[in-house]
Amino acid sequence: MRTAVAVVGVPGLLLSVSGIFAATPDLERLTALTARFAPVEIRADVSKLPENEQKALAQILESARLMDPLFLRQSSAENESLLLTLLGDTSPLGRARLHYFLVNKGPWSRLDHDEAFLPGVSKKSPGANFYPAGASREEVDRWTNGLSAADREAATGFFTTIRRGPGGVLVAVPYSLEYQGELAAAAERLRRAAALTQQPTLRAFLEKRASAFVSNDYYESDVAWMELDASIEPTIGPYETYEDEWFNYKAAFEAFIALRDEAETAKLATFGSHLQELEDHLPIDPRFRRPKLGGLAPIRVVNLVFASGDGNRGVQTAAFNLPNDERVVAKMGSKRVMLKNVQEAKFAMALVPISRVALPASEQAAVSFDAFFTHILMHELMHGLGPQTIRVGGRDTTVRQELKETNGPLEEAKADIAGLWALQYLMDRGIVDKAKERGTYATYVASIFRSLRFGLNEAHAKGTAIQVNYLLDKGGLRVARDGTFGFDLPAMKAGVAGLTREIMTLQATGDYANAKALLEKSAVIRPEVARVIERLQGVPVDIEPRFVTAEDLLARFVQ
Ligand code: ZN
């Protein structure tokens, strides 16, 4: 599972910017569509890696590059020939088409409901190229339902394509066969990297993932990925199933090759050591507090060196949770990986311009990436605090079960607002520098608008609307005459604690009726908020990364 929403909201809702294409976009239109992605150089500091580790990293990058052609082929059978044609067209229009093709990894504009932007291209198949051309969803569904349990497992598994065998019957083909050439080459480079690194858990992952590419059995390598404890944090292979819009069965190839961020890892450890203390002081009825918190899912903060395949198309990933294999999750849990330098690029390209529109001049200088990222870290940690398993009417149940469709938005609002409460608690006790107080709130106010920019059809955005409306009503947020949003610090602090209490009490009591009432009343965009959003039209939607550190490493160690 992945998050792209750290700065951008929900893609596909930018009708005011793009609309549905009336005709194949011309050069001017293509340039405007592409300009929604601000070009940015992505760098990571490799200077502290010994030379053998840098060489290992370069081999991993070589392997990761192979995920691009694999994903192109998975996404559409026509992609590779389209790309070849585009590469031969050196006209300005041809260059613009190639550029936008590479951003989208195909001829369909992912921000615009997959509208085709090249002439003569048919609609994007929701089954992508995982199923045979000409097959229908119903035919595949009927076929899988008629299979034995074992065959059905292969047919609906992550790592097979469905093709037509002799006589037109459907058959499941393992990825290790379908993509044999590229996977053999990718495995070879991972093995070279494994031979170069001195880090045992990294070596174990690289060797096991190389074997998985050949055997098609990814279990051991997913376990090894959970056990990674190394300066280099590679994620490479078939993972997410979003591209299979028919069934979400089939995993798309991608890579996120990153370096662990030591400073943020230390910050996380500090926060982690205070979590029980935070729980013990939550601004709620003491009987709703948990005397002993459960184990926390691991979080890794990394800086991205290179992303490819499904991991580098359209809106960029800011964080992800893996693996998706339920057997591994049951045994080891899952790991959250946060791409700090990607979030920093999104912050610079979107949040800073948003703050110049949304905040009064006097607060703009206090907005900082450090405050932004610290709040995101705290948001993630706060998902582990507060009521989770509860008793309602004598039954043992969970917040999720009782609050049903209101759970997502409320849980996201909780993580945001309780995250602010927790940071205030730590600042008041000198664990986090008190000088960061104003910047924490100013940055939070700016980030409200990046969440709400694209509408309310997603849990994070609904959760944000609840917060902004509550804080407006309590006087924490103040709208100035020029329409900008300032804040009153004492009222803000009281409002943050008050909303934390209100949401966590709904969760602790499993109070669906009142949760629903709160959402109906508060998950709305008020006119004063809409007026700011209207003024954000020109702010980029996302970034288009250029991986300069990766280019440099490849030039030094591979070519
Ligand atoms: Zn969250």
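Only a predicted model underlies this, so the values are computations on that prediction, with no experimental measurement involved. Computed over heavy atoms, backbone and side chain alike; hydrogens, waters and symmetry mates excluded. Read the numbers this way: they start at 1 and go in the same order the structure lists the ligands and their atoms.
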**OP:** Anything protein N/O/S under 2.8 Å from the Zn ion (ligand 1)? Just list residue and atom, please.
**Re:**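 Checking every protein N, O and S atom gives H379 NE2, H383 NE2, E412 OE1.
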
Review point. Would you say the side-chain atoms of N248 pair up with the backbone N or O of T241, donor to acceptor, closer than 3.5 Å?
Key: yes

From the list E243, E115, H113, side-chain contact (heavy atoms from CB on, under 4.5 Å) with K124 holds only for E243

Taken in chain and number order and not counting sequence neighbours, the residues that satisfy salt bridge (Lys or Arg N to Asp or Glu O under 4.0 Å) with R438 are E363

Problem set entry | Listed partners of D433 passing salt bridge (Lys or Arg N to Asp or Glu O under 4.0 Å), at least two apart |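 Per chain and number, D433 pairs via salt bridge (Lys or Arg N to Asp or Glu O under 4.0 Å) with no residue.
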
**OP:** Examine R429 relative to Y425 and say whether NZ or CZ is less than 6.0 Å from the centre of the six-membered ring and inside a 45° cone about the ring axis.
**Re:** yes

Sequence neighbours excluded and cut-off under 3.5 Å, please list the side-chain donor-acceptor pairs for residues 256-264, or say none.
| residue | atom | partner | partner atom | Å |
| --- | --- | --- | --- | --- |
| R260 | NE | E262 | OE2 | 3.4 |
| R260 | NH1 | D229 | OD1 | 2.7 |
| D261 | OD1 | A263 | N | 3.2 |
| D261 | OD1 | E264 | N | 2.9 |
| D261 | OD2 | N303 | ND2 | 3.0 |
| D261 | OD2 | K340 | NZ | 3.2 |
| E264 | OE1 | K267 | NZ | 3.2 |
| E264 | OE2 | K340 | NZ | 3.4 |

